[in-house]
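Following: one structure in structure tokens, then a few remarks.
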Amino acid sequence: MEASAIFVQLINGLASSSALFLIAAGLSLIFGVTRIVNFAHGALFMVGLYMAIWIQQVLYPVVGPFAFWAAIVLASVGCALLGVLIESLVLRPIYDAPELFQLLATFALVLVLQDAVLWVWGPDDLLGPRAPGLEKALAFGNRLIPAYELFLIGIAPVVWLALDLLVNKTRFGLILRAATEDRTMAAALGIRQKLLFTSVFALGCGLAGLGGALQMPREPATIGLALGVIGDAFVVVVIGGLGSVGGALIAAILVGLTKALCISLGEVSIAGTVWNMSKFTLVAEFLVMALVLFFKPHGLFGKVLTDHKNNIELPVLRPLGTFLFLLLASILSIFAIIPVFETQQPYLTVLVTDILIAVLFAASLAWLLGPAGYVSFGHAAYFGVGAYACAVALKGGAGALLSAFFGVLSAAIAAAVCGAMTLRMAGVYRAMFTLAFAQIVWSIVFQWDEVTGGSNGLFGLWLEGMFSDKAIFAWLVLGLTVSMLSIFYRLVFSRFGYALRAVRDSRMRALALGLKPAQLEWTAYFIAGVGAAIAGVLFTFAKGSISPDVLAIPKSVEGLTMVLLGGIHTMTGAVTGAIVYVFLSDWLLRNVEYWRATLGVIVLLLVIVFPRGLSHWLEKQGKRS
């Protein structure tokens, strides 16, 4: 490729870095003070873009070209005010809850905001105007560089300088740094944490809205941005180091230039093999993140977070009580009876199968969250690898049993590799590495058309013989799910399970007792990956097709949602959460127009009313009765 073309692509990469920095800076500020991993931050970016386009259309007849710049300012302020409402009404009541429940609340907010945008602005994408005064392009060789791209490149350092002055030269910045370093000591010195949290959340959301509003001339507004941009923002924040705004700027530039370079290189011949480098754009940033975390477990400029609650409240797991055991047995018995009436109610049999697969997937993640205290944001990787490996083997002519074995084996190898790489990390950084690993796998599947079918996926994967009958297959899924639940239950109360909980509760004491934390955690991660892989294989057989969605971020978040809804304080939490979540999702999707918002509101209410999960509440009611 010509040098001029490469230069233009790098300019585009730097312009994209500016938007990434704005959303990542806000996300980093919020995490630094509140310790909340805010999944709704991408939704604020989306709202900022929608709001800016709408405001520009309303103001243009009144103020003319000035409406463009007024819309950017007003959209940023609007997102800041929306952040105040979110922090005050949703997050403040659950600050004392385990931090993963706060993450669950922010994911519910994504669903609410997506449908709110759909209700206000409709399903069609909105196109923004060109920036007045910056419509022209500058010539570079035989290429043109849009003037607006150069304007965006200049925005990032200006915002970084303003934030640096705010943090280092003002009293508010002093309070902000104190709270970031040690919130407990800051509170003891009389700092009003509620006011500080609200202010920081408003600032962070305002920056996200500004980043979205500035994209008016560059991309259309669509509800897919809510989850599409949050993955990139997490990558930038983690590479730079959680809580470091300067690190976010450097990481945004690094990610933007890496992606632009992949596009500009095009096809490259290496050792006689032609590689299309543009296909690496989806995976490049996650590879960079994985490499940075492997060599610098706290990011480029991150610090060890000393004043930081555990990502989960460490549960004291006890054997099942009589009430929960009878409740679980009753539910599974009902699931066993429903397929008998498959000819009259075929949809119920399909729904039961879907619920049981979700239960198995959630149980494998609950095994990590509860006994191991291991937070994973990318658990869908093993569900998806198991499903795709099984599907590819089926397409290749292998039998169902051999294909299932190949699917589980492939996912087990993937879990073994990722688990080994995360041993040097801890907390949020470890969770983010699992997210990066899952996105790398998703990118490979999404673009490997010859093997995985690319974005279209694979079809025609139905079972033959007696298991082609939906009722018999449902009983097979029930048997495998109950067997895996029994294995997880036995493991929790085995010597291995007690040793794992000892490492979770106090790593130093576990080392003093002669335990091997790394080996125990790796084994737990491996077992969880195998459980998720079995669920993925069953999913392939149940649906007869597979697509990259089973590996995407929403699938991993769904797993977390199911586990946390049920609760990690009891052994039935994953079962309860999966049943409630899948049933609600299915019923709302078929009967409610704005089903995302309804589901999000229900999840929010459940988090606020039952901060320890539904199973914990059911257990208490059982003891009372």
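Proximity of a side-chain donor or acceptor of Ser376 to a complementary backbone N or O of Ala431 within less than 3.5 Å is not detected. No donor-acceptor pair under 3.5 Å is formed between the side chain of Lys395 and the backbone N or O of Thr452. Listed for the Trp522 side chain is no donor-acceptor partner under 3.5 Å among the backbone atoms of Leu423. Without hydrogens or angle criteria, Asp586 side chain to Val582 main chain gives no donor-acceptor distance under 3.5 Å. The closest donor-acceptor contact from the side chain of Asp115 to the backbone of Leu118 lies at 3.5 Å or more, if one exists at all. Judged by distance alone, with hydrogens and angles left aside, the side-chain atoms of Thr434 form a donor-acceptor pair with the main-chain N or O of Phe377 at under 3.5 Å. Not a single donor-acceptor pair under 3.5 Å links the side chain of His379 to the backbone N or O of Ser556. A distance-only check finds no donor-acceptor pair linking the side chain of Arg596 to the backbone of Ala116 [under 3.5 Å].
Note: His41 NE2 to Leu109 CG = 13.0 Å, rounded to the nearest 0.5 Å. Summarising the geometry, atom CG belonging to Leu365 is positioned 11.5 Å from atom CG belonging to Leu360; distances are rounded to the nearest 0.5 Å. Rounded to the nearest 0.5 angstrom, Met46 CE and Ile223 CD1 are separated by 7.5 Å. Atom OG1 of Thr576 and atom CD1 of Ile331 lie 6.0 Å apart (nearest 0.5 Å). Atom CD1 of residue Ile357 and atom OG1 of residue Thr481 lie 7.5 Å apart, to the nearest 0.5 angstrom.
For the pair Lys555 and Phe361, the cation-pi criterion (under 6.0 Å, within 45° of the ring axis) is fulfilled.
Lys516 has no carboxylate O lying under 4.0 Å from a charged side-chain N of Glu521, or vice versa, which leaves the two without a salt bridge.
The side-chain contact (heavy atoms from CB on, under 4.5 Å) test with Val47 is passed by exactly one of Val120, Val117, Leu225: Val117.
Counted by atom type alone, Thr422 and Tyr374 present one or more donor-acceptor pairs between their side chains at under 3.5 Å.
Across every non-hydrogen atom of Phe234 and Asn38, the tightest pair is CZ-O, 4.3 Å.
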